[in-house]
Amino acid sequence: MTVARTSKTKAPNVAAHDPKAVEAIGRALKAHYTDLVHAPLPERFVELLARFEDADQAPEPKGSRDAIG
C-alpha cells in the first residue's frame, strides 16, 4: 500500500522569479478578462435584471414592514 505524504517544504514559485513569465501571464489574463467584460449579456440575464429592477421600484404593500418586526 502506498501512502501519500505531504511535504513540509513548499514548492518553489518559479513564475515569481521570472519577470517575463509574470508579464506574459498578466497580458493573457488582461486580454481574456477584457473580452469577457465587453461581451454582451445573455438575453436571460437582461430579462432577470429588468424584473429585479421593476421589483425594487414597486411600492411595498401596506403593513408589510409592520409584520416583520
Suppose the criterion is side-chain hydrogen bond (donor to acceptor under 3.5 Å, both in side chains): which pairs have a residue in residues 34-49, not counting sequence neighbours?
none
Please list, chain by chain and in numerical order, all residues satisfying side-chain hydrogen bond (donor to acceptor under 3.5 Å, both in side chains) with R27, sequence neighbours excluded.
E23
L36 meets the side chain to side chain contact (heavy atoms under 4.5 Å, CB included) criterion, sequence neighbours left out, with Y33
Could you state the interatomic distance from CG (D56) to CD (E53), rounded to the nearest 0.5 Å?
8.0 Å
